[in-house]
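In the text below, chain A, chain B and the rest are named by the order of the sequence lines, each starting its count at 1.
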Amino acid sequence: MRNKLLEINNLKTSFRIGDNYYAAVDDVSLTVNNNEILGIVGESGSGKSALAFSIMGLHTRAKIEGNIFYKGQDIANISPAKLNKLRGDDLAMIFQDPLTALNPLMRIGDQIAETLILHKPEMSQKQRKERVLELIDLVRIPRPEHVYEQFPHELSGGMRQRVVIAIAIANRPDLLIADEPTTALDVTIQAQILDLIRELKNDLDSGVILITHDLGVVAEMADRVAVMYAGQIVEIAEVHTLFENPLHPYTKSLLNSVPTEGQEKLHVIQGVVPSLQKLPRKGCRFAARIPWVDASAHEEYPELHEVEPGHFVRCTCYSHFYFPDESKEAYAHGNS
Amino acid sequence: MWKFIVRRILITIPQIILLSVLLFLLAQAMPGDALSGLVDPNVSLEQKNALREKLGLNAPWYEKYGEWASGLVQGDLGQSFRFKMPVSDLIEQRMINTFWLSLATLIITYIIAIPLGILSGRYNDTILDSSITGYTYIGFATPLFIFGLVMLWVFGYQLQWFPTSGSVTPGLEPGSFEYVLSKAQHLLLPAISMALIQTVSTVQYLRSEIVDTKQREFIITARAKGASESRVYNKHILRNSLLPIAAFFGYEITFLIGGTVFVEMIFGFPGMGQLFIESILLRDYSVVNAVVLIFGIAAILGALLSDIILSLVDPRIRIK
Amino acid sequence: MAILKVNDLKVYFPIKAGIFNRTVDHVKAVDGVSFSIEQGKTYGLVGESGSGKTTTGRAVIGLESIYSGKVMFNGKDITNFGRKNSALRKDVQMIFQDPYSSLNPRKRILDIIAEPLRNFENLSMQEEKKRVQSLLEIVGLSPESILKYPHEFSGGQRQRIGIARAIAVRPKLIIADEPVSALDVSVQAQVLNFMQDIQKELNLTYLFISHDLGIVKHMCDDIAIMYKGRYVEQGTTADIFNNPQHIYTKRLVSAIPDINPRNREKQYHFRQEVQREYANSYNDYFDSEGLAYGLQPISDTHLVALPERG
Amino acid sequence: MEVNNTNLANQIQDPTKSPSGLKILWKEIVRDKLALVSLILLTLITVFVYGIAFVLDQDEIVRVDLFAIHEPPSEEFILGTDYGGRDIFGQLIIGTRNSLSIGFLVTAISGIFGIAFGLIAGYFGGYTDNAMMRVLDFFQVLPFTMLVIVFVSIVPNYTILAFSIIMAAFNWMGIARLIRSKALQEKELDYVQASKTLGTSHTKIIFREVMPNISSLIIVTMTLNLAANIGIESGLSFLGFGFPESTPSLGTLLSYATNPQTLEYRWWIWVPAAILILVMMLMVRNVGEALRRATDARQRRG
């Protein structure tokens with residue numbers, strides 16, 4: 001049985017550059033259920049990490065508008081003390097770079113134990129140590145007793161990421177946010193870490209937000225996928241739908257630019273991702289990358305359209321999109 | 001860690017030897033030699049030369065160095081030309097004075113530096129921080145000797161809160177309470193003057209350590225654990241920032257050495273720095289040599305101490 | 001004929017220890033690697049971090065000093081070819097991983113691309129400018145860009161400027177060290193397509209170093225898998241992907257996330273199976289130090305690191 | 001112009017890394033009002049003291065006039081006279097000029113040597129670096145003030161140049177260490193590796209590729225060193241081991257204040273010199289710090 005864990009409504013996260021605020025996350029709405037992995041894909045600058053930090057309330061100098069309901073409670077607008085009660089307990093996060101995410105001067109055991117001290121103060125020291133050892137074992141680090149006393153620099157990247165995961169799951173969180181958890185790791189380690197995250201999700205029955213730029217990772221892990229471009233969600237759908245029937249031009253282009261079996265030429269997306277300051281705040285943000293599509297195909301204020309149950313696409317341009325080269329045209333949807 | 005420390009100590013030995021060679025060669029280059037202080041100026045040149053030969057003063061430099069160095073090891077710093085007494089006797093009381101002055105300075109330096117650095121780093125870019133950085137800013141640009149003069153003028157002469165020279169009021173019984181009190185009183189103004197200038201680098205260092213640590217990623221991890229801001233500060237930021245400060249300690253000695261020369265001159269404080277200047281002016285080079293050597297060794301040991309502290313507090317060096 | 005032949009290449013880095021900081025041992029970054037590349041082909045060197053793939057590439061071009069072994073280029077020994085040996089040096093060029101750091105930010109595009117020209121060819125200012133402009137055109141940038149600076153370009157464009165610099169003196173062999181791993185997916189495609197285009201045009205040979213099996217599969221004719229400084233398997237792209245023999249290769253191939261979500265379960269089970277096999281037969285594939293054995297041929301093109309039979 | 005930024009981190013370009021870095025440093029100074037005022041004031045002081053010193057007769061100023069000892073400020077002597085009846089104002093002008101000259105000279109000598117030392121050690125790394133750093137470590141623990149004083153007192157042919165060289169000899173380590181650590185980072189960057197593969201010589205790479213990339217650090221450090229060197233010179237002169245005798249110097253004027261009578265009652269002798277030293281050091285620092293802030297702010301984001 002899936003319950004709605006997290007509901008984000010019209011979230012807007014803006015950073016100040018010079019005298020103005022620029023939204024890095026612009027009008028994002030989504031939901032996450034328990035025992036579900038929501039994949040968020042996007043290239044650098046798409047706002048996916050800014051979104052993760054917004055949910056955890058980790059931005060120190062950003063303006064956040066909109067609501068983030070966690071089990072009905074709006075965590076975007078609560079006191080720091082209340083938020084701290086949730087963070088590390090109900091909500092937890094796995095970071096991208098395990099090299100910098102751990103305090104270099106603190107023993108591994110103490111770093112994991114800190115989460116327990118904060119949220120389970122009733123635990124005795126002995127219980128706590130037992131639990132930490134159990135956690136180290138749970139994330140499959142060999143020789144827990146030994147690692148407990150070690151410092152981060154003594155561990156490999158993969159092992160450090162396991163420690164970061166152990167910290168995150170210490171209090172059996174209901175919602176786990178993994179921000180590019182395997183980008184800094186080798187592919188064999190990546191496979192192990194991803195399997196671990198999936199198993200933990202099943203065991204804890206939690207909801208997971210998996211942020212990545214790697215379409216393969218999403219295909220393997222996610223139940224539902226949101227594609228982000230320039231601060232917005234451009235398409236969101238159940239994973240099979242998204243990969244088999246992608247609609248938004250960006251999703252399609254992205255999928256075509258990854259090498260697959262028997263592909264001669266990779267698809268190239270024209271132009272570049274606009275910078276935060278230069279981002280058009282009106283009209284379809286992807287329009288400049290597909291100049292061959294008629295301007296009238298785009299909406300003035302593009303919205304998410306529900307094309308089938310659970311499948312949303314932003315802007316009407318999707319129904320007029322085709323790839324400029326002949327060979328790809330056959331696949332394009334709604335040739336005009 | 002032990003290997004690191006042993007290796008570090010092994011580096012210290014050639015440093016000290018090199019320092020002594022350098023000083024010895026400098027002494028050779030100095031006008032006049034041990035003889036000029038020993039004999040009557042009216043003795044004829046031939047007699048002098050004979051005496052030189054007899055005393056081994058015409059030997060090649062490395063032989064003379066060997067002799068000098070073996071004397072050093074046995075605590076023989078040579079003879080003062082002017083005072084006709086062993087340099088070690090001359091230096092002893094001065095060294096004790098300078099030691100207390102340095103110690104007082106160090107203590108005051110840290111008493112000022114730690115709270116200011118922490119406040120400035122924690123509340124960076126606030127008015128509090130601006131005033132503290134303003135102080136360090138001006139402190140950096142103020143030469144110690146000017147500041148010392150102004151302090152002497154204001155607190156010594158105008159307000160007359162402190163004595164204006166010497167290390168103790170004459171005529172007091174050594175060891176009595178009044179004696180100790182008077183010593184402390186004489187010490188305080190020069191120590192405060194030196195500390196107020198010296199401390200600015202530590203304040204700034206601590207501040208930038210804290211500001212840097214604040215932006216490190218593991219701080220975000222700590223926040224994501226649900227740690228309150230005060231806990232994040234005390235458990236992560238402060239701890240991580242104070243460790244390098246501890247390692248800074250030994251290097252302070254190097255800074256102190258330069259400072260004592262000025263401060264002792266300004267406040268007429270009979271320490272090693274003052275002795276150094278006096279001896280240079282009197283061309284009493286064996287004393288000069290001894291003072292520089294002692295200060296040099298102190299600086300070398302200070303640097304050694306810093307590195308050892310660092311290796312003890314930083315697990316990245318400790319566990320290798 | 002093989003344009004590049006590498007024979008038993010070893011690159012060792014000293015490990016310093018003890019009180020006197022003496023060299024007590026070596027990290028065998030590359031430990032006896034042999035291969036040859038045919039003119040016009042793309043040879044992929046794959047491995048995880050620390051496998052020695054980048055060191056191999058750097059040793060070939062002379063950025064690392066070679067401990068032992070031989071590097072032959074066009075039949076000539078270039079193992080320790082000096083900085084002065086310009087005729088040989090200009091035939092081998094390199095494309096770097098990070099387009100943000102591989103171009104000197106203080107130099108104009110003209111000076112960046114002209115650097116090899118100035119070192120190897122005596123051109124007049126006018127000729128040089130023309131050459132640079134035509135190179136920019138080849139890589140699809142406007143010839144007017146010569147007076148711009150690197151920060152005015154995007155990552156993909158910078159990488160293409162790096163390629164223009166590498167092909168300026170018409171080299172025969174290009175060592176591409178993770179040329180797209182710092183780029184976004186959509187930009188990767190652009191650079192990869194472009195590399196393929198100029199390869200055909202200029203009859204270039206690539207030594208393509210990457211950790212990304214998907215890209216290597218797309219780009220390369222032959223592939224070698226490296227692990228801890230040694231080869232574990234070498235063969236044509238089909239050999240490696242359709243018929244992997246070494247357990248490490250299988251492990252690597254099974255770890256690549258499949259882009260089709262329908263294969264998820266299959267992929268997961270495949271991975272579990274390989275993991276089991278890896279655990280069970282580790283000793284059949286690695287020696288007592290955990291290193292790969294010498295290569296044994298299992299077909300004309302396919303070599304696998306296995307203990308010697310018998 | 002095509003400015004392409006792929007992510008937030010790259011959106012704010014590091015101007016000190018871009019060609020116009022120096023221009024931007026200059027802009028930063030102009031924008032920073034305090035630094036701008038400091039720079040203008042410094043320029044004025046420099047022009048003024050060099051200009052006036054040109055027309056002043058130094059022999060006239062240092063001639064002892066026993067009939068005008070310790071005169072307070074008057075119309076004849078704007079800032080009074082010292083114990084030898086010498087004009088304070090004239091000494092102040094020439095002293096400032098001398099302090100500035102020495103400051104520049106020492107900064108230049110120690111800077112050039114330190115930069116070359118640091119670049120070479122950092123670029124080559126390994127054994128070269130190790131050996132060079134041992135030398136540097138040794139110099140750094142030497143008691144600087146004292147050794148300079150010893151040298152000054154034994155050098156037979158004592159001139160301003162000799163003094164500058166002695167000071168620089170014990171004063172190049174700071175910048176060398178800084179440049180070396182930067183060069184160590186820089187040489188790992190691919191553009192240096194690229195230059196090697198393109199057949200460019202080491203010398204060219206060090207001075208034409210690496211050095212321009214750390215030019216802002218060099219400028220900032222040299223500026224801050226200038227401030228420090230002005231202070232050190234006046235300190236040494238204060239102790240009597242700075243300029244050759246009879247050369248007017250700010251430190252010498254201040255040294256008169258070691259006489260309690262002068263300190264307490266004859267402010268005109270030492271206060272102007274003290275203020276001048278403070279102002280100069282503060283102004284140079286203001287400029288240097290503004291430059292540093294400009295560099296740091298970009299690096300933190302870039």
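- The two residues D/Ser215 and C/Arg106 come nearest to each other via the heavy atoms OG-NH2, 3.5 Å.
- The distance from the CZ atom of C/Arg165 to the OH atom of D/Tyr191 is 11.5 Å, given to the nearest 0.5 Å.
- Annotation: side chain to side chain donor-acceptor pair (under 3.5 Å) contacts of C/Ser65 (sequence neighbours excluded): none.
- In this structure, the separation between OG1 on D/Thr197 and CD1 on C/Ile175 is 9.0 Å, given to the nearest 0.5 Å.
- In this structure, the separation between CE on C/Met94 and CG on D/Leu198 is 11.0 Å, given to the nearest 0.5 Å.
- With rounding to the nearest 0.5 Å, the separation of CD in D/Gln193 from CD1 in C/Ile61 is 10.5 Å.
- Expressed to the nearest 0.5 Å, how far CG of C/Asp111 lies from CZ of D/Arg208 amounts to 9.0 Å.
- The two residues D/Ala194 and C/Ser102 come nearest to each other via the heavy atoms CB-O, 4.2 Å.
- Atom CZ of C/Arg118 sits about 8.0 Å away from atom NZ of D/Lys204, to the nearest 0.5 Å.
- Counting non-hydrogen atoms of other residues, nucleotides and ligands closer than 6.0 Å to CG of C/Asn203 gives a total above 12.
- Between C/Gln97 and D/Asp190, the shortest heavy-atom distance links the atoms N-OD2, 3.8 Å.
- Heavy atoms closer than 4.5 Å to chain D are found in the backbone of C/Leu103, but not in its side chain.
- Atom CZ of C/Arg170 has 12 or fewer neighbouring heavy atoms from other residues, nucleotides or ligands inside a 6.0 Å radius.
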